[in-house]
Protein chains: 2
Amino acid sequence: MAAAKKNPRLMSNDALLQIARRFAVLAEPMRLRLLQSLFEGEMSVNELVEVTGGTQANVSRHLQTLAHAHLVSRRKEGLQVFYTISDPSIFRLCELVCGSLEQQLAQQAGAFAEGGRL
Amino acid sequence: MAAAKKNPRLMSNDALLQIARRFAVLAEPMRLRLLQSLFEGEMSVNELVEVTGGTQANVSRHLQTLAHAHLVSRRKEGLQVFYTISDPSIFRLCELVCGSLEQQLAQQAGAFAEGGRL
DNA sequence: AACTTATATGAGCATATGCTCATATAGAGA
DNA sequence: TCTCTATATGAGCATATGCTCATATAAGTT
């Protein structure tokens with residue numbers, strides 16, 4: 001059982017902090033872009049720099065952040081370092097959020113359409 | 001289709017920003033605690049203050065943040081304001097993250113166990 | 001060893017975010 | 001109207017985070 005269900009007892013501060021940290025890692029456009037790029041498969045830092053248009057320093061830093069969160073994994077080969085997505089739950093996570101946002105936008109659009117009817 | 005699949009084309013900056021913002025809303029222990037409390041059903045601000053142990057000002061602020069993100073909805077009744085979870089995707093989102101974290105911890109525990117074997 | 005390429009990181013600035021205190025608003029009741 | 005209760009919010013401080021520049025490390029090449 002991951003979380004308390006009916007009991008008013010709450011999760012520990014520590015558990016909440018860990019969950020919050022996980023969400024925080026995903027709360028950055030550049031990191032999301034990196035993850036999205038990696039959806040297609042393993043890539044080197046330089047490739048990611050080119051694809052995302054970010055600076056080398058910044059891309060490297062964000063990759064460290066993702067790696068520390070165990071969302072991606074490193075593989076060194078000669079001069080290059082290749083990163084891959086190592087936590088498949090990310091796919092569903094992004095799908096869920098995208099779906100939820102789409103639905104909200106659809107509702108807003110619907111409201112506009114109705115308003116325009118009069 | 002929520003996101004590009006095989007095409008190297010990436011999502012728009014704007015879309016990524018919105019997704020990042022959604023994650024950012026969930027990247028706070030107190031907000032997670034509020035959501036978790038609301039899992040059991042509608043609650044007033046004062047009830048949430050008591051349950052979470054936060055200050056009134058802080059709880060109110062966080063509830064505003066959650067409301068702006070359309071994760072919870074307000075209902076005013078007399079002097080009190082009641083909040084409810086309005087986006088069911090949150091349940092699955094938290095389940096996913098919890099599951100992923102549990103798995104990571106299990107792996108770490110496993111590594112420890114193996115190491116202890118020698 | 002000297003040079004080049006690929007990646008990581010220290011330092012510093014700018015901005016964002018959370019927290020608290022005090023106060024404002026809003027509704028209910030005397 | 002005056003007061004009390006419930007909620008929201010402005011101001012200010014402290015901290016965290018992202019970005020860039022410059023430099024460090026590490027590995028391959030000559």
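In what follows, every chain begins at residue 1, and chains take the letters A, B, ... in the order their sequences are listed. Note: hydrogens, waters and symmetry copies are ignored here, and every other heavy atom, side chains too, is used.
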Residue pair A:Ser89 / A:Asp87, side-chain donor-acceptor N/O under 3.5 Å: yes
Sugar-phosphate only, base, or nothing, as touched by B:Gln64 at under 4.0 Å among non-hydrogen atoms: sugar-phosphate
CA sep, side-chain torsions, deciding dist, call: B:Asn58, B:Thr55, side chain to side chain contact (heavy atoms under 4.5 Å, CB included): CA-CA 5 Å; B:Asn58 203 28; B:Thr55 66; 3.2 Å; yes
Nearest-nucleotide comparison on DNA chain D, the residue closer to the 5′ end among B:Arg61 and A:Thr55: B:Arg61
Pair B:Arg75-B:Thr84, side-chain donor/acceptor within less than 3.5 Å: no
Nearest heavy-atom neighbours spanning A:Val49 and A:Gly54: CG1-O, 3.3 Å
Test side chain to side chain contact (heavy atoms under 4.5 Å, CB included) applied to A:Leu32 and B:Phe23, step by step: CA-CA 10 Å; A:Leu32 291 176; B:Phe23 280 124; 4.2 Å; yes
Near-strand residues of residues 67-84 of chain A, defined as heavy-atom separation under 4.0 angstrom from DNA chain D: A:Lys76, A:Gly78, A:Leu79
Cluster link A:Met11 to A:Leu17, ILVMFWY, side chain under 4.5 Å: no
From B:Met30 atom CE to B:Leu66 atom CG, the distance as rounded to the nearest 0.5 Å: 11.0 Å
Sugar-phosphate only, base, or nothing, as touched by B:Ser60 at under 4.0 Å among non-hydrogen atoms: base
Range on DNA chain D touched by chain B - first to last nucleotide, heavy-atom distance under 4.0 Å: D:dT5 to D:dA11
Heavy-atom neighbours of A:Gln103 CD exceed 12 at 6.0 Å: no
